[in-house]
Amino acid sequence: MAYNNRQPEFKQLLKVLEGGIPDRDVLFELFMGDQVYEHVVGPLPKDNPLDWTRAMIKAFSSLGYDYATVNGSNYCFPRKNNYHGAQTISLNESPVITDRASFAAYQWQDPKAADYSRLRDIGPDLPGGMKLMVMGPGGVLENVIRLVGYDNLCFMLYDDEQLLWDIFERVGSGLVEYYRRSMEYDSVGLLMSNDDWGFKSQTMISPKAMRKYVFPWHREIVKAAHAAGKPAVLHSCGWFEGIVDDIIGMGYDGRHSYEDTIMPVERAYELLAGKMAVLGGIDLHFLCSATPERIRERSRNMLDRAGQRGGYALGSGNSIPGYCPIDSYLAMISVVDGRI
């Protein structure tokens, strides 16, 4: 089922990321839930990464996107899973590194040995003008928290800085190599660095600690993309007003994830316009609770706000989870190119 009649043109998203005005409206989403994909393409393949990538291309292109979000390989940071499908989990759930001995015993995957063949083999399946956006298996801070546990991370900041530094080095350098290898493929047009950093009113650790442990690796991730001649986008949930200059200084071409209770996208656009692209931003709670008419109105207004200044692509503030009514999501994207 197709929801638009246009061909994907990755160059339109590039214009947005360059801070320019695209020739037509551009959509942006980190990912959608399976209910959206299956609504468009039917049952999803679960076991074959190449078939999954094909399904993502079909779904994203049918909905009007100029790219499709995929993982570059099977590289990740394994840990115990004791939550058995729970809808929410604690940031302290199942830590696997708690001291120097468990750090030494942890079986780190080698990003150089991971299988990136999907990025090579998918080329013939990409419609002309479309590219892939490679996201990570979580981000720098996210993976450290998953491996260590949030409370343990806070204690390590004071009790064992060297151990914490070593953990960040293993996670950060692994992600840099993962992205570097992903960027080698012609099918890939864009790097998505997905790493949640904050709560509603502050970063998860102090900005000073973020600058010491987290931000240097993000600068390296951006360098990996730019060295390959490709843009890099940051997806990061949470409070960010006090670290805007840090984000801009990392060199990211665009930022994604906005929440009305933290900073509405309308305000974020005024803060960031001309400095980096603003992507998405239609608040997820708003999408889930507002009428389709209100959703279309806000979406049109956001496109109008950026219409003569550029550097904006329409989408949700985060992603489209399973609990978001599909009609609400479709109402948002329906305003693109005058669709009703």
With a 4.5 Å cut-off on side-chain heavy atoms, are [Y] and [X] touching?
{"X": "F60", "Y": "M32", "answer": "yes"}
{"X": "V244", "Y": "L272", "answer": "yes"}
{"X": "D99", "Y": "F103", "answer": "no"}
{"X": "P137", "Y": "N74", "answer": "no"}
{"X": "R100", "Y": "D166", "answer": "yes"}
{"X": "C288", "Y": "P325", "answer": "yes"}
{"X": "W165", "Y": "E161", "answer": "no"}
{"X": "P49", "Y": "N71", "answer": "no"}

Heavy-atom pair of closest approach, residues [X] and [Y]:
{"X": "Y116", "Y": "E177", "value": "OH-O, 4.4 Å"}
{"X": "V188", "Y": "K230", "value": "O-NZ, 2.9 Å"}
{"X": "P111", "Y": "Y178", "value": "CB-N, 4.0 Å"}
{"X": "P231", "Y": "L190", "value": "O-CD1, 3.5 Å"}
{"X": "L141", "Y": "M210", "value": "CD2-SD, 4.0 Å"}
{"X": "V16", "Y": "A277", "value": "O-CB, 3.4 Å"}

> Is it the case that one hydrophobic cluster holds both I248 and Y252, taking links as side-chain heavy atoms less than 4.5 Å apart, direct or via other members?
Replying inline: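 Same cluster.
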>> Hydrophobic clusters here meaning ILVMFWY residues chained together by side-chain heavy-atom distances under 4.5 Å, can you tell me if F155 and L157 are in one?
In response: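 Different hydrophobic clusters.
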> Should the pair R255 and Y258 be classed as cation-pi, given the thresholds of under 6.0 Å to the six-membered ring centre and 45° from the axis?
Replying inline: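 Yes, a cation-pi geometry holds between R255 and Y258.
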> For residues 267-286, which residue pairs qualify under side-chain hydrogen bond (donor to acceptor under 3.5 Å, both in side chains), counting only residues two or more places apart or in two chains?
Replying inline: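 The answer is E241-R267, E270-R305, E270-R309.
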> What residue pairs, at least two apart or across chains, pass side-chain hydrogen bond (donor to acceptor under 3.5 Å, both in side chains) with a residue in residues 136-148?
Replying inline: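 Output for this query is empty, none listed.
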Hey, what do you get for [atom1] ([X]) to [atom2] ([Y]), rounding to the nearest 0.5 Å?
{"X": "T203", "Y": "D246", "atom1": "OG1", "atom2": "CG", "answer": "10.0 Å"}
{"X": "M192", "Y": "I221", "atom1": "CE", "atom2": "CD1", "answer": "12.0 Å"}
{"X": "L234", "Y": "D253", "atom1": "CG", "atom2": "CG", "answer": "11.0 Å"}
{"X": "L91", "Y": "M204", "atom1": "CG", "atom2": "CE", "answer": "5.5 Å"}
{"X": "I295", "Y": "L287", "atom1": "CD1", "atom2": "CG", "answer": "5.0 Å"}
{"X": "Y179", "Y": "S193", "atom1": "OH", "atom2": "OG", "answer": "4.5 Å"}

Does atom [atom1] of [X] have more than 12 heavy-atom neighbours from other groups under 6.0 Å away?
{"X": "W108", "atom1": "CH2", "answer": "yes"}
{"X": "K46", "atom1": "NZ", "answer": "yes"}
{"X": "D34", "atom1": "CG", "answer": "yes"}
{"X": "Q308", "atom1": "CD", "answer": "no"}

> Under the side chain to side chain contact (heavy atoms under 4.5 Å, CB included) criterion, do I167 and I97 qualify, and how do the steps go?
Replying inline: CA-CA 9 Å; I167 296 169; I97 300 176; 3.7 Å; yes
>> As a test of understanding, state which of L279, V265, I21, D25 forms a side chain to side chain contact (heavy atoms under 4.5 Å, CB included) with Y312.
In response: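 When L279, V265, I21, D25 are each tested with Y312, the side chain to side chain contact (heavy atoms under 4.5 Å, CB included) holds only for V265.
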Would you say [X]'s side chain and [Y]'s backbone share a donor-acceptor pair under 3.5 angstrom?
{"X": "R79", "Y": "E93", "answer": "yes"}
{"X": "N194", "Y": "G136", "answer": "yes"}
{"X": "S236", "Y": "D195", "answer": "yes"}
{"X": "Q107", "Y": "A105", "answer": "yes"}
{"X": "E220", "Y": "V176", "answer": "no"}
{"X": "R6", "Y": "G64", "answer": "yes"}
{"X": "N152", "Y": "T98", "answer": "no"}

> Please walk me through it: do E259 and N318 pass side chain to side chain contact (heavy atoms under 4.5 Å, CB included)?
Replying inline: CA-CA 8 Å; E259 187 175 347; N318 188 295; over 6 Å; no
> Per the salt bridge (Lys or Arg N to Asp or Glu O under 4.0 Å) rule, which among K11, K131, R24 passes with D66?
Replying inline: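 By the salt bridge (Lys or Arg N to Asp or Glu O under 4.0 Å) criterion, D66 pairs with just one of K11, K131, R24: R24.
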> Can D51 and R118 be said to form a salt bridge (Lys or Arg N to Asp or Glu O under 4.0 Å), step by step?
Replying inline: CA-CA 9 Å; D51 287 342; R118 70 193 73 175; over 6 Å; no
> With sequence neighbours left out, which residue pairs that include part of residues 125-154 fulfil the ring pair (Phe, Tyr, Trp, His ring centres under 6.0 Å) condition?
Replying inline: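 Sorted pair list: Y150-F199.
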Step through it carefully: locate the ring centre of [X], locate the ring centre of [Y], and say whether they are under 6.0 Å apart.
{"X": "Y213", "Y": "F215", "result": "no"}
{"X": "Y67", "Y": "F28", "result": "yes"}
{"X": "W197", "Y": "H235", "result": "no"}

> How far apart are the C-alpha atoms of F10 and L132, what are their side-chain angles, what is the distance that settles it, and do they pass the side chain to side chain contact (heavy atoms under 4.5 Å, CB included) test?
Replying inline: CA-CA 9 Å; F10 185 71; L132 300 177; over 6 Å; no
> After noting the C-alpha distance and the side-chain angles of M263 and F240, does the key distance pass the side chain to side chain contact (heavy atoms under 4.5 Å, CB included) rule?
Replying inline: CA-CA 9 Å; M263 183 185 295; F240 69 97; 3.7 Å; yes
> With a 3.5 Å cut-off and no angle check, do the side chains of S316 and E29 form a donor-acceptor pair?
Replying inline: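 Yes - a donor-acceptor pair under 3.5 Å links their side chains.
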> Does the distance from a Lys or Arg side-chain N to an Asp or Glu carboxylate O, for R296 and E293, drop under 4.0 Å?
Replying inline: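 Looking at R296 and E293, the cut-off is met.
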